[in-house]
Amino acid sequence: MAPAAAASRVAVSSPVFGSDGGARSSGIKGNNNVSFGNKSWVGGTLAWESSSVRPRHVNKVLCMSVQQASKSKVSVAPLDLESAKEPPLNTYKPKEPFTATIVSVERLVGPKAPGETCHIVIDHGGNVPYWEGQSYGVIPPGENPKKPGAPQNVRLYSIASTRYGDYFDGRTGSLCVRRAVYYDPETGKEEPSKNGVCSNFLCNSKPGDKIQLTGPSGKIMLLPEEDPNATHIMIATGTGVAPFRGYLRRMFMEDVPNYRFGGLAWLFLGVANSDSLLYDEEFTSYLKQYPDNFRYDKALSREQKNRSGGKMYVQDKIEEYSDEIFKLLDGGAHIYFCGLKGMMPGIQDTLKKVAEQRGESWDQKLSQLKKNKQWHVEVY
């Protein structure tokens, strides 16, 4: 069933933090008491917001639970965010950043995940609009160690929400950030002085804290919407899933009048283990609701084996479905890669091997994909 054929809209009222850190209405009108399946939303707050009933390690990203239990799509506003013909670019520059406010910081991963990844919602008050697939720059506090007296350098993070944000009102943007921690290879002990400055600043932030934003930036990962029935193959490792979360919310969660997705979205996500999966409940809900429009394949390197008995990485999943993927690419599908730059050599080798097995030149095919604007890569 195509998402456009989903049941009637649901409008909800949700709490959002203003620039002063206080709660305000999202501007989306609806009942204050709404029930979705076995979860109730009272006055805009999920029933399990009480710590006594909240499931362990629950991902409290607001509105995820709305879509999980209902096929109805969520209304978004303001719709004039759809009117721009070109994406916003560098509205705020490093010398004049925008001061935004942290709304929430939530741990995304379970206890057995190596490392910590957080979902961070930032209130920009509608002043730093963006499109799906773009990035925000963050300037952490403190001075640049290489330039005493100067501010820290900008760090770029892919935005993990649609242009309407997690509260559907166009006033927030979300980041998916892995805390960078350095351990001495000889002692095995953490060395805080070498930890990632910005990732730790973000993951340690509290609601109401101020943050310096630049951007938005980037055009490579913008979601092409000319054909709402197109195929989109998304390959992510770890926090590289951020832009794809934005794509998928736009496709399957939000009621966007001018974008009724009826194509195929296929997500490949590579992480260490089940506890490391990011936004898994959200993606699984789309799989249940739109089985004809969404596919979701996970590569868990510490839990799964590939055909050769080695660790399962995203390139192994790609090889497993290579015939389908190549046929979809031949039919005009878009393919996206986002994550650590170390993912690309293995993926490229796999694609080259598959192409040769099919009697094709990978170099020629890649050149054609780039020429057709079907090839989208953002690695860091």
Side-chain angles (χ1 to χ4, degrees), residues 1-10 12 28 61-77 79 81-82 84 87 119 130-134 158-170 172-174 176 218 220-236 240-269 278-298 325 328 331-338 373-374 376 378:
M1 178 186 70
S8 60
R9 299 182 184 177
V10 169
V12 296
I28 303 171
V61 179
L62 190 67
C63 308
M64 180 181 298
S65 302
V66 176
Q67 187 68 1
Q68 273 178 261
S70 171
K71 282 192 178 182
S72 300
K73 289 194 168 190
V74 182
S75 299
V76 292
L79 290 179
L81 288 176
E82 302 292 324
H119 181 80
Y130 56 87
W131 283 9
E132 298 74 23
Q134 288 192 298
S158 296
I159 299 171
S161 50
T162 73
R163 66 194 71 185
Y164 297 101
D166 278 14
Y167 299 96
F168 310 116
D169 66 351
T172 67
S174 302
C176 179
I220 295 171
M221 297 290 285
L222 293 177
L223 179 65
E225 297 188 358
E226 298 83 9
D227 179 6
N229 298 316
T231 294
H232 303 275
I233 303 167
M234 299 161 277
I235 297 155
V241 78
F244 306 141
R245 181 195 184 240
Y247 295 177
L248 295 169
R249 284 173 77 93
R250 186 164 174 84
M251 292 170 177
F252 300 124
M253 181 182 285
E254 298 178 340
D255 184 14
V256 182
N258 62 313
Y259 185 58
R260 305 291 191 184
F261 182 68
L264 172 65
W266 191 353
L267 174 63
F268 291 87
L269 176 57
L278 305 173
Y279 310 111
D280 185 59
E281 289 182 35
E282 194 164 326
F283 300 150
T284 301
S285 75
Y286 303 147
L287 196 61
K288 292 176 181 176
Q289 292 165 40
Y290 305 110
D292 296 333
N293 302 95
F294 183 51
R295 294 177 67 172
Y296 179 30
D297 283 278
K298 311 166 196 179
I325 290 171
L328 290 169
H334 290 270
I335 189 165
Y336 310 80
F337 304 88
C338 192
K373 297 182 179 179
Q374 294 172 250
H376 313 262
E378 186 169 83

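- Aromatic pair Phe244/His232: ring centres not closer than 6.0 Å.
- Between Tyr286 and Phe283, the ring-plane angle classifies as tilted under the 30° and 60° cut-offs.
- Without hydrogens or angle criteria, Ser174 side chain to Ser161 main chain gives no donor-acceptor distance under 3.5 Å.
- With a 4.5 Å cut-off on side-chain heavy atoms, Glu132 and Pro243 do not count as touching.
- Leu278 approaches Leu269 most closely through the heavy-atom pair O-CD2, 4.0 Å.
- If you take CD on Glu378 and CZ on Phe337, they are separated by 13.5 Å, rounding to the nearest 0.5 Å.
- The OG atom of Ser158 lies 13.5 Å from the CZ atom of Arg245; values are rounded to the nearest 0.5 Å.
- At least one side-chain heavy atom of Arg249 sits less than 4.5 Å from a side-chain heavy atom of Asp166.
- When all heavy atoms of Met253 and Glu282 are compared, the closest pair comes out as CE-OE2, 4.0 Å.
- Note on ring orientation: taking the six-membered ring where Trp is involved, the planes of Phe252 and Tyr290 are parallel (angle under 30°, cut-offs 30° and 60°).
- Contact of the Leu223 side chain with the Tyr336 side chain is registered, since non-hydrogen atoms from C-beta on lie closer than 4.5 Å.
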Apply the test side-chain contact (heavy atoms from CB on, under 4.5 Å) to residues Phe168 and Thr162: give CA-CA distance (whole Å), side-chain angles for both, the deciding distance (0.1 Å), then the verdict.
CA-CA 8 Å; Phe168 310 116; Thr162 73; 5.9 Å; no
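- For the pair Asp255/Arg260, a side-chain contact is recorded, criterion being any heavy-atom separation below 4.5 Å from C-beta on.
- Two residues are said to be in side-chain contact when any heavy atoms from C-beta on lie closer than 4.5 Å; Val256 and Phe261 fail this criterion.
- A distance of 12.0 Å separates CE in Met234 from NE2 in His334, rounded to the nearest 0.5 Å.
- Scanning all heavy atoms of the two residues, the minimum distance from Leu222 to Pro87 falls at CD1-CG, 3.6 Å.
- Taking all atoms of both residues into account, the shortest heavy-atom contact from Ala333 to Ile233 is CB-CD1, 4.2 Å.
- Note that CG of Asn293 is 11.5 Å distant from CG of Leu248, once rounded to the nearest 0.5 Å.
- Nearest approach of Tyr279 to Cys176, heavy atoms of both residues: OH-CB, 3.4 Å.
- Smallest separation of non-hydrogen atoms from Thr284 and Tyr296: OG1-CE2, 3.9 Å.
- Residues Tyr164 and Leu79 are in side-chain contact: their nearest non-hydrogen atoms beyond the backbone lie under 4.5 Å apart.
- Evaluated for a side-chain contact (heavy atoms from CB on, under 4.5 Å) with Trp131, the options Arg163, Met221, Glu225, Arg250 yield exactly one hit, Arg163.
- The CG atom of Leu267 sits 11.5 Å away from atom OH of Tyr247, with the distance rounded to the nearest 0.5 Å.
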